[in-house]
Structures are given as C-alpha cells and as structure tokens.
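Below is one structure; the comments refer to it alone.
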Amino acid sequence: MAPNDPSPHKAFGITNIKTYVPLLLDLEQLNYDQWRELFSTHCVGFDVIDHIDDSNPKPTDAEWKKVDSIVKLWIYGSISQSLLQMVLKKGTTALQVWTDLETLFRDNKDAKTMQLDSELRNLVMGDMSVHAYFTKIKGIADLLANLDPASAVPDKHLVNYAINGLSSKYESVANIIRYRSPLPSFLEVRSMLLMEEQRLSNHRPPPIASHGDHSSSSTVLNVNTPRGQGQGRRTDRRQPRQGQGRRPPPSSTPPRYGWVYIPPPPSGRTHQQRHRQNAPQQWTASQPGILGPSPAISSPHGQRQQPYHSWAPSAAHCSETLDSRYAPDQATSLPELFSSMSLQDPDAANWHMDTGATDHVHANSGILHSVIDNHDSRSIRVGNGSLMPVMLTGHAPFPMPNPYRPLHLNNILISPNIIKNLISVRQFTRHNKVSIEFDAFGFTVKDYQTRRPLIRCDSDGPLYPVQSTTPQVLLSTSRSTWHQRLGHPNDQVLQSLVSNNVISCNFNKNATICNSCQLGKHIKLPFFNSSSTVSHAFEIIHSDVWTSPIPSISGLRYYVIFLDHYTHYLWVYPLKRKSDVFAKFHEFFHYVKNHFHTTIQFFQCDNGGEYNNQTFHDFFASHGIQFRFSCPHTSQQNGKSERMLRTINNTVRTLLFHAHLPPTYWVEALHMAIHLLNLLPSTAINLDTPHYRLYQKHPSYSHLRIFGCLCYPHLTTPHKLGPRSSPCVFLGYPSLHRGFRCLDLSTKRIIISRHVTFDESIFPFGSVTPNDPPSYSFLDDTSDPTL
C-alpha cells in the first residue's frame, strides 16, 4: 500500500463477530434486548453505529457501502438460522436488517407480556441449581420490563415467585424467608438459598476416587500446559532433561516436584464435545494458591488446540494479585480466556484458608452482601503467567456463625475463573483482629486480645477448608456443666458471666430442658421489687425465718437469713429452735461491726414472735437500730425476704434433686446455695454480684464443683500400704477452712481436705436405693405457717 493511501477502516479487522458478541439472537430465547445492547456497544467501539441508526442521512460512497456490508455480515453472523431466513433479502442495508429484527421482536407485545407473566408465575425449580433458577427468573423479569416498563415485576413479587417454585428440599429456608420482616430482597434470598444449596451438597457422600485422583487430594487448582512445550514445568525451576521421552502416567503414589498427569479423554467424541462437557479435573500437587486455567493455544492455521496429555505445574508461589500496572502484552484476551476454561463448579466448593493469598477470592458473586467496586482493569495472575479478570469487589460475612462477635470478609475479589475459593489469612486476621492457629487436624480462630477460641474447623486435609456445614465453636466447658456447677441459675445469669469473660459457654437455642430445674423451680407469679433506696451497705437488713418439715441429719429444723439491701449479700444460720434467732442476730451484729466497721440502721422483718419480743426491742433501743415490721397478714411488705427464701429453697431443692440426695441433707444444700447466690449476678442490683458489691472485687469461680458429685479427698494412712483416698460425696465448702467438705460413703464421716479429685459426671447417691423413698415435698413454701 502506498504511503498516501488512506488507512483501512478498523471494522475490516473483525473476522469472527462471535468473539465480541458471544450471544446468539434467537426468537425462542427472547434475548433481543441483551443482544441489542452487546451489538450496539460493539458498533460504537468500532465507529459504525451510524449504520444501524436512522437519525442521520447515510452517504452512498463505495467506502461506506463496504463498511455497511461488514456490519450486515456481523448481524447475520450473530443471529440464529431461523432468524437469518426471515431477514435475509437481496440488496438490503444493515439498517434495514436491524429494523426488521426489531419489528420481529417488538410485535405482539401484549401477547408476549401475558405469556412471560404466566411463565414467571408457574416457573418451578425442578432439578435446576439455585443459580440457574434465579437467573431464569431474573431473565424473564427483565424481558417483561423490556417489553413494557409498566409490566416490570416488583422485587417482592419476584421473591414470592421464587419461593413458590422452590424444590421441597428448600422448604425450611422458604418458611424462614416468608416470615422475615421486612421481606428480604431478591438478591438476599438468592444468597440464602445458595448457602443452603452448598450446605446440602456437602452432606452428599464423596465420589469414589479413580486411579488418577490420588494427586487431587493434595492440590487446589488445574492448569493445562500446551502441547509441544516438553513434559511440563517444575515449580522448583528444574528443567526436564534433553531427549527425555513422554512421561508415563503416575502410579497411585503422588508424583514428586508437583507434577500431575492429566489423562486423555474417552475416544469417540470431538474436541468441542469434550470441552463442553467435563474438562479434566486434576489438581496440582502443591500448597494452596490462587491459580486458574491457562489460555488456549492457537496453531499456525488459526485453530484452537486444547492438549489433554500434559503435566500441570505446581501452584506453589503462584498467588499474586495484579493491577493495571502490568504490561498489556502479558494479559490474555478475555474471550480467549473464557473459551479455554476447565472449571469445577465453584458453588460446590467451600472457602479455604490460604497463607499465600494476598486477597480473598471467590467465583460466585452471590455470596456478597454489599458490592463496593467494579474492577474492569484489575486481574489475578495464574500459574502460567496469564491473567484472570476481577469482575467485582465486595464484602460478605464469614461463612460460620460465631456466638461472641461477627466475623467479616472484606474486599473479596470475584473472579468466575477461580477454582478454589480462598481466604487470605493476612487480610482476615487484620480486619477481624483475630489470630489463626493451624495444626494437623484443622485450625482455630482466636480473639487476638483475650485469646478466647472463637471458631474451630476440623478437616482431614490436605487443605484447610472452612466447614460451613458443621460449625464447631470451641468451648472449654459446656453450658449444661456450668449450669450445674453454678447451682442451676437462669440463662440471663450465665449470659452475664460469659459477657464478662468469666466463663466460656455456648448458648444453644435448642438446648435440652434441665429436669432438675423443672422439678425445683416451678413458681407462681413473681413479687414486685422493693421501692426502698439505700446508699451504702448494712443500711437496711432484711430477715426472715423458714421452717423445715423434715429435720436435718444433725437435728436442725429452721434457718434464719440476713440480707443486706444494698449489696444483696446473704448470711444464713441454721437453727434448732426459733428462740435462737436473737442469739444468731447478736452474732451477726458483732460480725458486721468488727469486719466492716459500721452498724445496722434499719431491720426489716415480719411480725413474728421471734422478732417482736422484749429482748430484741431492748437491744435495738440501746444501739439505735430501728425496726420495720410488716403489718399482720401482709407478707408482701417483707417481700424482699420472702422472695429470697423462695430463691434459696428453689436452689436447695434443685441441688438435692440433681445430686439424688435424701431431704435430710437440706442443710448441706442450704450452705451450698448461699455460697453460690453470693457469687452469681443478681437482677436486684443490675446484674452485679453481691460479692463484688460488698468486697469491691470480682469473685473466683475456679473452685466450684457440682454439688453431690463423686470426689476423692487425700487421706493419711496408718501404714504405707493403706489406701490414699476413699470415694466420697461432695457436700460444699467449709466456712472455717479453705477446702472442700466430703462425706465418706463407707464411714459416713465428714472429711475436710484441700487435695480433692472430682468426677462431676457421677453422683453416688443416684445409684443408692433407700429403703423408704424420701418425700420431696419437704421444701414447699406453704409448709411454713409464717409465710
């Protein structure tokens, strides 16, 4: 061509329109609007949009006619055979063909709208995947909107249609969605069902491994290397020896140096058929990394070659995220990359922890809860140096729930070409302020500051998948055990201890009901709280006496309580006679004066004779203490003591029932109950503990054990061959010693020891059958005539 000749139009360089407009226009598919958008965008890019736009007059020179013929050929090459027969005419222009196609798809708009609306309402999922089902619903809805904007389907109607057509296996999720308020959006419903589909797919039995599947157990992704480039590439940069022949298929032992053999396809099928069905799914024998399929290789004759006998390089050290600063000649064209893919279904894959990934990468945009950017220029480098496009970037929650605090995955790169969905360990730990500990059986996610285990994922290897179908929260002790150790408190009390990092406990909504609590804590409607206000400890002391219908093993029949209004701390004194109440109060009065250097100001009690007598009146008058009696037959005025008696008796009953102890041990259970109530958060003081209110320091729970369990205290023996311990029953904590009270089962004597070994799963009295079954009505509140 001479230097003065004009440059040819760039439209002449397009030989295959399907590379740029991959959608085939078809009347049966009703995909005119999508095809029109792709085709018109392509025409704008190649400066030929005026050939299909009738807004301006058209020139008639030879050069323009040549370009118009090319545009008309583009139209012919991107429509179906049936459409081609309808619009193919002699002497027509590209604009006339374009107009004829629009007329074919735009006529009978009302009939098509009714047909599409009926199809949308009656659509059922059947055997379709969630992605395909929702894609079809969205496609029909878009067609309705394109035919007539007034026929656009609202989002909540799309949700209703989607739920009505679901398969029966998604019925549980459908019920949850129906009763959500507000109703989730169409995309949120799709994300919920995608997670359920993934959970159900992970419950299926794994496929039987074939001869060539041994290497896939230790790998991540598949990369096909071109034919004619030797036997493959090694990740350790060692080159094959010259003259080396084709490698034989590997044995059952995984190959060295990261080599993976990809077997040939079954005979009798063309290359295109094999590629459209199931491409080889072998993985490279290496550590996790971001690795995708290699591009197809073009032969000198312009035909695409896809080798099937090859050795794939390892994925080690191939994880690198790139941006637009890389040279254009390093990137593979997008159509070529899509046409040479060998993909595994990404929806069936879990997340995998990867220490080599610089970003989170996922193949499915449906997992995103929010989209933050569309990176058309960003890409991911794969194992052979090619680039995979990044379509979207967004945020999503961590796929496993956490009872302590939510975990998030930020800045997830969505690339449809990725084979394994990867979590960048560096990004995950930085964004969530956690640490991850890997071991041979899985990994543990821990809070960075408190070192509390948040999530535990076990796996058989070789990778570290996030098992979203069977979340396991690592807890030191179960809720049931702490519930029993602490004297069977309610969940609000346990929640307070967990929130203050005192204990670790998993609150399962489907937890079983505690039978001992049901037997011991069935109550009437609660009393109203007292309206009295105090400013310091021992300003008001509440007191009451309770009578037991059954004497204890030591002959005790009563107990008196002294409850401080400000701290809610509780003192109890068992009694043989009601007349001993003043002696115990005198002892308590001097205890307060000596230990806390203060005096009692008000004393609130009922009008019983054990309080309203001359001895009490004389003592109170000499020390400036004021009585607050309740009116006769008005126990509500002493409600704080009454409610405390009920709480104490509920706990005593529950402890005895759970330990299978006879009712004669009610005094031991009483002391245990008082000790525990002083350590537990109380709603009367805004979930503070009485111990903290009184002593200004948090109590310790490490010494607590389950009441009535089997224990073995250390014993001194008369000779060296004697037993060093004896089976005992744990009865609580002595008031004058720092140890444990143990009942020897053989000698029936109490042993106080510091060195005790406990078995909290065995209760010795549970295996003892008494001659006379005890009556369990002994701690009934109504048994005391003073109540």
Side-chain angles (χ1 to χ4, degrees), residues 22-23 29-31 34 116 119-120 122-145 153 155 157-174 176-177 184-204 221 276-279 281 292-293 334 337-339 341-352 360-371 374 388-397 399 409 412-422 465-466 468-469:
L23 187 64
Q29 299 295 329
L30 295 176
N31 55 356
Q34 293 91 333
L116 290 173
E119 181 180 357
L120 182 61
N122 300 320
L123 182 64
V124 293
M125 185 175 186
D127 295 331
M128 288 188 291
S129 65
V130 172
H131 175 72
Y133 178 58
F134 275 77
T135 301
K136 190 167 185 178
I137 293 176
K138 189 64 169 58
I140 298 175
D142 291 342
L143 288 176
L144 283 169
V153 184
D155 189 78
H157 290 178
L158 285 181
V159 173
N160 186 37
Y161 297 152
I163 295 176
N164 292 338
L166 285 175
S167 301
S168 58
K169 61 182 179 179
Y170 299 104
E171 186 63 28
S172 59
V173 180
I176 296 175
I177 296 172
S185 66
F186 182 75
L187 294 180
E188 289 175 341
V189 172
R190 176 181 178 274
S191 299
M192 295 170 66
L193 291 170
L194 281 172
M195 295 179 64
E196 178 68 9
E197 181 183 48
Q198 181 179 351
R199 187 188 70 81
L200 293 174
S201 65
N202 289 336
H203 280 298
R204 298 173 184 170
L221 303 166
R276 278 195 293 263
Q277 293 182 4
N278 290 322
Q281 295 184 2
L334 184 60
L337 192 61
F338 273 105
S339 65
M341 289 299 301
S342 298
L343 290 179
Q344 173 187 342
D345 183 12
D347 292 336
N350 290 328
W351 284 100
H352 292 77
H360 311 309
V361 186
H362 202 282
N364 185 8
S365 61
I367 60 113
L368 297 181
H369 280 208
S370 61
V371 177
N374 184 353
M388 292 194 306
V390 174
M391 301 304 180
L392 293 173
T393 303
H395 304 322
L409 298 176
I412 304 173
L413 305 181
I414 300 298
S415 177
N417 305 349
I418 200 70
I419 301 297
K420 290 291 183 181
N421 305 317
L422 306 177
V466 177
S468 59
T469 58

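Values below: every heavy atom of this structure, side chains too, minus hydrogens, waters and symmetry copies.
Taken from CD in E196 to NZ in K169, the straight-line distance is 9.5 Å, to the nearest 0.5 Å. Considering CG of N122 and CG of N164, their distance stands at 10.5 Å, rounded to 0.5 Å. Distance CD1/I414 to CG/L368: 4.0 Å, rounded to 0.5 Å. Taken from CD in Q198 to CG in N421, the straight-line distance is 8.0 Å, to the nearest 0.5 Å. Atoms CE and CG, on M388 and L413 in that order, are 10.0 Å from each other to the nearest 0.5 Å. Rounded to the nearest 0.5 angstrom, H395 NE2 and H360 NE2 are separated by 10.0 Å.
Y133 contributes a side-chain N or O that, together with a main-chain N or O of A162, makes up a donor-acceptor pair within less than 3.5 Å. Put simply, the side chain of S415 gets close to the backbone of P389: a donor and an acceptor are under 3.5 Å apart.
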Item to complete: Run the numbers on F134 and L193 for side-chain contact (heavy atoms from CB on, under 4.5 Å), then give the verdict.
Response: CA-CA 10 Å; F134 275 77; L193 291 170; 3.4 Å; yes
Item to complete: Show the numbers, then the answer: is there a side-chain contact (heavy atoms from CB on, under 4.5 Å) between L120 and L158?
Response: CA-CA 9 Å; L120 182 61; L158 285 181; 4.2 Å; yes
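Taking each heavy atom of H131 and T135 in turn, the nearest pair found is O-OG1, 2.6 Å. The shortest heavy-atom contact between L194 and G366 is CD1-CA, 3.9 Å. Minimum heavy-atom separation, V189 to P184: CG2-CB, 3.9 Å. Heavy atoms only, all atoms of each residue included: S185 and V159 are closest at C-CG2, 3.8 Å.
Of the options V361, I367, T393, L422, a side-chain contact (heavy atoms from CB on, under 4.5 Å) to I412 is made by I367 and by none of the others.
Under the 30°/60° scheme for interplanar angles, the aromatic rings of W351 and H362 are found to be tilted.
Residues F186 and I137 meet the side-chain proximity criterion, which asks for heavy atoms closer than 4.5 Å. Using a 4.5 Å heavy-atom cutoff, the side chains of K136 and E119 are in contact. V153 has its side chain within reach of Y161: a pair of non-hydrogen atoms, C-beta onward, lies under 4.5 Å apart. Within the 4.5 Å cutoff, no side-chain heavy atoms of E188 are placed close to those of I177.
Annotation for M195: atom CE does not count as buried by contact number, only 12 or fewer foreign heavy atoms lying within 6.0 Å.
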